[in-house]
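Each chain gets a letter, A, B and so on, in the order the sequences are listed, and its residues count up from 1.
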Number of protein chains: 2
Amino acid sequence: MADINVNAALNPVQGGSRPAPDASAQGLRWDIIELLFFAYRDFVGDADHVLETFGFGRAHHRVLYFVSRYPGLKVADLLGVLRITKQSLGRVLKQLLDEGYIVQKEGDADRRQRLLYATAKGETLVRRLVTLQTARIDAALAGFSPAESAAVRRFLRAMIDRDSPDKVLEQLLGLAQGVAQGAGPQEAKE
Amino acid sequence: MADINVNAALNPVQGGSRPAPDASAQGLRWDIIELLFFAYRDFVGDADHVLETFGFGRAHHRVLYFVSRYPGLKVADLLGVLRITKQSLGRVLKQLLDEGYIVQKEGDADRRQRLLYATAKGETLVRRLVTLQTARIDAALAGFSPAESAAVRRFLRAMIDRDSPDKVLEQLLGLAQGVAQGAGPQEAKE
DNA sequence: ACATTTATGTCAGCCATATTGACGTATTTC
DNA sequence: GAAATACGTCAATATGGCTGACATAAATGT
């Protein structure tokens, strides 16, 4: 019933058939923009549902995820990666510490640092979330040739700012692809 | 200086070299998960900067975008697409109406409906944002063969929930790929 | 040794965006 | 005429960002 009107209205203008009023859609990537929006929405949605049952939000997820993935992360690094302020991080981090998902350890060389590590409890939750999201990714990549999967990866990598003020994670993404060993800031300079 | 410690800590554990404490990382897609996070962050970041100068946020962007792309969208449809509540939409939509980016028209068949349309002013802003994001996508896809681009698109499509309660946009995504004409809810059933 | 810088934490308050619940109003439908 | 629908809105609340200010401990520089 409602569907009748829905369908009447729901023909995308720009990428579709109509001549498009003003400038038409010269080479604009409406399709990919939209696909990214929905893909990401559903991708994070997987985790959101689980997190809700823990009384956590996306902020907790991001913090716990990166701490788990990069054990010994400094608070400052985390701030750089997440691009949020100390104060914003403070709240969520405190919760994760209080509830035993993360622990802090004094830095060896620099005792001002509070290096962050996920506890077993934290690792368990992260793994659960990663497993969920992996299932979606696996399903999406089902039937893809190695070349096609590689193309997807290359695309995502190329979508990321190279020249960002991150320092930290941009290097990590250089690593994340397979360089894993060398700790140097080389590579990933396109 | 800080980089020394950074590099010491920043070896990803799961996908990397270490044996990984507990379960190891059996087939988990850490890399793609991370790539998606950063890719999306930077992708929406493009628009965020522009929107800031207009006093708008992401919420405004999403509303304006979909109204522009699917002229005549009903309020209820928009709520379904964005997955937010009427109240949340209300504020943002009111601003966009007040400032002349969007107009409402009574539905022909059903005069209770307020069909939404972007004004020229609204279209201009949307186009600017889409152009920005298109530039990033174009850059990312530079040098991709048609088959590789297609793989990227297929991946993104496959990441989206098929069985979602959206009705609306899931059909649109069926359309968005090229079916554009038929208004039927067929296709895209994997 | 003392001053400065750095790494971190924290207090207080603000803003944007989301939520739920309740209610109002016009319009369509049964 | 009653009920359901499409939409708007009021009020209260939560989350996750933000800025500014200030505190403490440890490292660093002169």
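OP1 or OP2 of D:dG8 lies within a sub-4.0 Å distance of a side-chain N or O belonging to B:Gln104. Distances shorter than 4.0 Å separate none of the side-chain N or O atoms of A:Arg111 from OP1 or OP2 on D:dT28. Under 4.0 angstrom from either OP1 or OP2 of D:dG16 there lies no side-chain N or O belonging to A:Ser88. Dashed line: the shortest gap from a side-chain N or O of B:Thr85 to OP1 or OP2 of C:dA18 is not under 4.0 Å.
With hydrogens and angles ignored, the 3.5 Å screen pairs a side-chain donor or acceptor of B:Thr119 with a backbone N or O of B:Gly100. A donor-acceptor pair under 3.5 Å is formed between the side chain of B:Lys121 and the backbone N or O of B:Glu99.
Mapping A:Ile84 and A:Asp108 onto DNA chain D by nearest heavy atom places A:Ile84 at the nucleotide closer to the 5' end. If you find the closest nucleotide of DNA chain D to B:Arg112 and to A:Gln87, the one lying nearer the 5' end belongs to B:Arg112.
At the heavy-atom level, B:Gln95 lies nowhere under 4.0 Å from the strands shown. Backbone-only engagement by A:Gly57 is indicated by non-hydrogen atom pairs under 4.0 Å involving sugar-phosphate atoms exclusively.
In this structure, B:Phe56 has its ring center at least 6.0 angstrom away from the ring center of B:Tyr65.
Between B:Arg136 and A:Asp161 there is a salt bridge, since a side-chain N of the basic residue sits under 4.0 Å from a carboxylate O of the acidic one.
Atom CG of B:Asp48 is separated from atom C1' of C:dA16 by 12 Å (rounded to the nearest Å). Straight-line distance from the CZ atom of A:Arg114 to the P atom of D:dA27: 11 Å, rounded to whole Å. Distance CG (B:Leu79) to C1' (D:dG8): 11 Å, rounded to an integer number of Å. Atom CG in A:Leu115 sits about 16 Å away from atom C1' in C:dG9, given to the nearest Å. Taking atom CZ on B:Arg62 and atom P on C:dA16, their separation rounds to 15 Å, with Å as the unit. Rounded to an integer number of Å, the gap from A:Asp110 CG to C:dT5 P is 17 Å. Computed from coordinates, the A:Arg91 CZ to D:dT15 P distance equals 10 Å when rounded to whole Å. In this structure, the NZ atom of B:Lys86 is 13 Å from the P atom of D:dT5, given to the nearest Å.
With respect to B:Tyr40, the ring-ring contact (aromatic ring centres under 6.0 Å, His included) criterion is satisfied by exactly one of A:Phe43, A:Phe37, A:Tyr40: A:Tyr40.
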